[in-house]
Amino acid sequence: SVADVRASLRLQMTVSNCRRSILNLQHASSACCAPRRSLARCNSTALSSALHFYQNRQLELYAAKETKRLTLRQLIFYGRSMTEQRLIMAANYVRSELPIRIAHRLRDMQALPYIVVTQEEVARVYELYWSAFDKFRAFPPIKTMADNLKFCKVVRSLLDEHASIIPSLILGLSLSSHHLEPEELDSFITRMLVSRISRRVLAEHHIALTEDFLRDSNKDSDPNRTAPTPHVGIINTELSPRRSIEKCAELLRTSPRNVVFADPERAMEMDLDCPSVVIDGHVETKFAYIRDQLEYIIFELLKNAMYATSIQHPDSNRLPDIHATIATGRDEIQLRISDQGGGLMQPEISSPSDLLSFSHARNRTRLDTSRLTALKSVSSRPQGMRATVNEQIEAWKEDNGGLNTPERKAGVGVHTRLGIGLPMSNIFATYFGGSLELVSLDGWGTESPYSLLSALGTTLEGI
Ligand code: COI
């Protein structure tokens with residue numbers, strides 16, 4: 001009856017308010033205990049409730065504000081003609097926008113079941129966000145270039161501090177997967193990741209604009225400086241997908257064998273080479289985009305294609321080629337990676353889209369011990385997950401103790417997959433309005449059409 005529904009809604013709201021209060025109380029007490037130890041010594045309940053009330057009030061003020069999202073085109077146009085005054089305006093935009101975006105996510109975390117947010121890794125992420133929120137709130141308006149440089153320093157240190165958030169979050173939520181419905185879990189993680197990408201893009205773009213501005217102001221002092229690749233902040237304005245594909249294929253060719261071969265011992269014995277990547281279509285295409293994001297996706301798709309091909313052709317002395325097609329339409333650029341790796345169907349999943357899910361109910365491999373252990377080890381590294389493909393390769397080489405001997409090049413044992421690459425690629429693809437699909441031609445191979453934004457760059461970024 002309507003009365004029952006109302007009663008149940010009231011109950012739900014009370015439960016969610018309780019959760020929020022417990023979290024805030026917990027946060028208030030930890031805030032008392034950590035940086036403000038002298039206050040904590042007062043040990044007064046009144047102080048704790050006042051702090052709790054104050055902090056929650058601040059969070060609410062920020063969470064009630066709408067984010068001001070930008071398009072790729074706006075980021076480029078604004079950054080193209082930089083003056084000190086415009087740079088200071090940009091700094092103030094970032095200073096006020098980041099705490100709003102973080103407040104929304106803190107609110108989201110407060111709405112999780114209590115058992116999830118108190119899980120060690122999730123709680124760590126929550127604390128990191130609270131601390132960043134406090135730092136941004138405390139930063140005074142930026143009026144001079146010197147203020148901006150101080151601001152860039154704070155932002156840089158937060159970017160570094162947050163480097164291991166993704167593996168921590170994925171680990172914490174994988175372990176809590178039983179407490180959330182698959183849709184709830186996936187949409188929560190997607191919001192967290194999209195929002196994180198959006199904050200890091202704003203932060204890194206602003207730091208890059210500041211560095212470029214300083215360099216351009218001093219350009220007469222360094223006559224030997226080589227011309228940089230055309231860019232505005234972190235956006236490469238003449239990015240060639242062909243060159244990015246070639247670079248990723250080459251990096252994979254020289255990576256440890258266990259990254260691209262299911263049987264690295266045989267690959268080494270037979271001196272097997274990785275499948276070649278044949279590039280066709282509109283190979284001369286150039287467009288404006290963030291290089292690291294494009295290469296992250298291409299690298300992930302090629303890595304999976306090579307690995308699947310090596311499984312599907314275990315006795316082959318030459319693995320079938322992988323095809324990468326570039327198509328430039330009026331509003332859209334598309335890339336398609338096609339392999340002969342047998343398709344995507346695995347016993348653990350019932351549809352290719354399950355590969356993008358973080359829920360154990362959709363993808364049983366989420367709870368594999370090897371995967372959880374690898375996530376734990378990456379989340380406890382200060383540098384976390386490497387952001388660029390070059391750094392990723394370096395990390396694998398370090399894991400294999402360097403690549404100086406052929407044995408080491410083979411990699412030690414099986415390379416553990418974190419299971420983050422494909423879902424992250426999907427999120428990067430949709431970030432500026434593109435899409436990533438996985439089409440399985442069962443028994444033959446996989447096609448991964450990847451559409452890259454409206455070529456006009458007018459889609460609003462993230463959330
Ligand atoms: C993140 O990496 O999650 C951030 O929020 C970065 C931001 C604090 C600069």
Side-chain angles (χ1 to χ4, degrees), residues 27 31 35 58-59 62-63 65 67-70 75 87 90-110 112 117 121-140 142 147-173 188-211 233-234 290 292-293 296 358 375 378-388 391-392 418 420 423-424 427-428 431 461-463:
H27 176 74
Q58 292 303 313
L59 184 65
Y62 280 80
K65 294 185 193 172
T67 55
K68 294 197 181 86
R69 296 191 287 152
L70 299 175
L75 287 172
L87 196 56
N92 279 308
Y93 163 74
V94 175
R95 184 186 67 88
S96 47
E97 186 66 14
L98 289 181
I100 297 174
R101 295 189 186 201
I102 294 177
H104 287 171
R105 302 290 68 81
L106 282 166
R107 264 283 185 246
D108 248 2
M109 293 186 88
Q110 291 182 344
L112 287 172
V117 84
E121 301 288 334
V122 183
R124 191 176 87 80
V125 173
Y126 185 80
E127 282 304 320
L128 281 172
Y129 282 148
W130 255 108
S131 149
F133 174 65
D134 275 343
K135 283 188 185 148
F136 283 122
R137 256 185 343 110
F139 204 95
I142 296 157
D147 294 345
N148 181 38
L149 293 182
K150 269 191 224 144
F151 179 65
C152 288
K153 224 167 149 188
V154 171
V155 177
R156 169 51 55 211
S157 84
L158 285 169
L159 283 166
D160 294 344
E161 221 174 88
H162 286 216
S164 61
I165 276 189
I166 294 186
S168 289
L169 193 69
I170 304 300
L171 174 61
L173 290 165
F188 173 77
I189 298 191
T190 303
R191 284 196 304 282
M192 292 296 284
L193 296 181
V194 171
S195 173
R196 174 183 149 100
I197 296 172
S198 78
R199 292 188 308 269
R200 290 182 86 86
V201 165
L202 290 189
E204 283 170 356
H205 189 63
H206 180 66
I207 294 177
L209 287 177
T210 301
E211 286 168 354
I234 56 166
I290 300 174
D292 289 347
Q293 291 191 7
Y296 185 101
F358 289 97
L375 279 168
V378 177
S379 67
S380 50
R381 276 182 188 162
Q383 67 278 53
M385 232 173 66
R386 311 301 170 99
T388 65
E391 288 169 1
Q392 182 62 62
L418 298 177
I420 295 179
M424 275 304 287
I427 289 171
F428 276 134
Y431 180 60
E461 39 113 18
I463 48 175

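Both counts, for ligands and for their atoms, begin at 1 and track the order of listing. Note that the structure is predicted; figures quoted are calculated from it, not measured.
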**Study point:** Short side-chain donor-acceptor distance under 3.5 Å, Arg124 and Ser164
**Key:** yes
Practice item. Tell me which protein heavy atom sits closest to atom 2 (O) of ligand 1, plus the residue, atom name and distance to 0.1 Å. Key: Arg200 NH1, 2.5 Å
Revision key, fill the gap. A student checking ligand 1 against Tyr129 at a 4.0 Å heavy-atom cut-off should list atoms 3 (O), 5 (O)
Exercise for review: I would like to know whether Lys65 and Ser96 meet side chain to side chain contact (heavy atoms under 4.5 Å, CB included); could you show each step before the answer?
Suggested key: CA-CA 11 Å; Lys65 294 185 193 172; Ser96 47; over 6 Å; no
**Study point:** Heavy-atom donor-acceptor pair, Arg196 side chain to His162 backbone, under 3.5 Å
**Key:** yes
**Study point:** Which residue and heavy atom of the protein sit nearest atom 4 (C) of ligand 1, plus the separation
**Key:** His162 ND1, 3.4 Å
**Study point:** Geometric cation-pi criterion, Arg191 with Phe188: 6.0 Å, 45°
**Key:** no
Review point. Atom CZ of Arg200 and atom CG of Leu158: how far apart are they, to the nearest 0.5 Å?
Key: 9.5 Å
Review point. Measuring to protein heavy atoms, does anything land under 4.0 Å from atom 7 (C) of ligand 1?
Key: no
**Study point:** Protein contact of atom 5 (O) of ligand 1 - nearest heavy atom, named by residue and atom, plus distance
**Key:** Arg199 NE, 2.7 Å
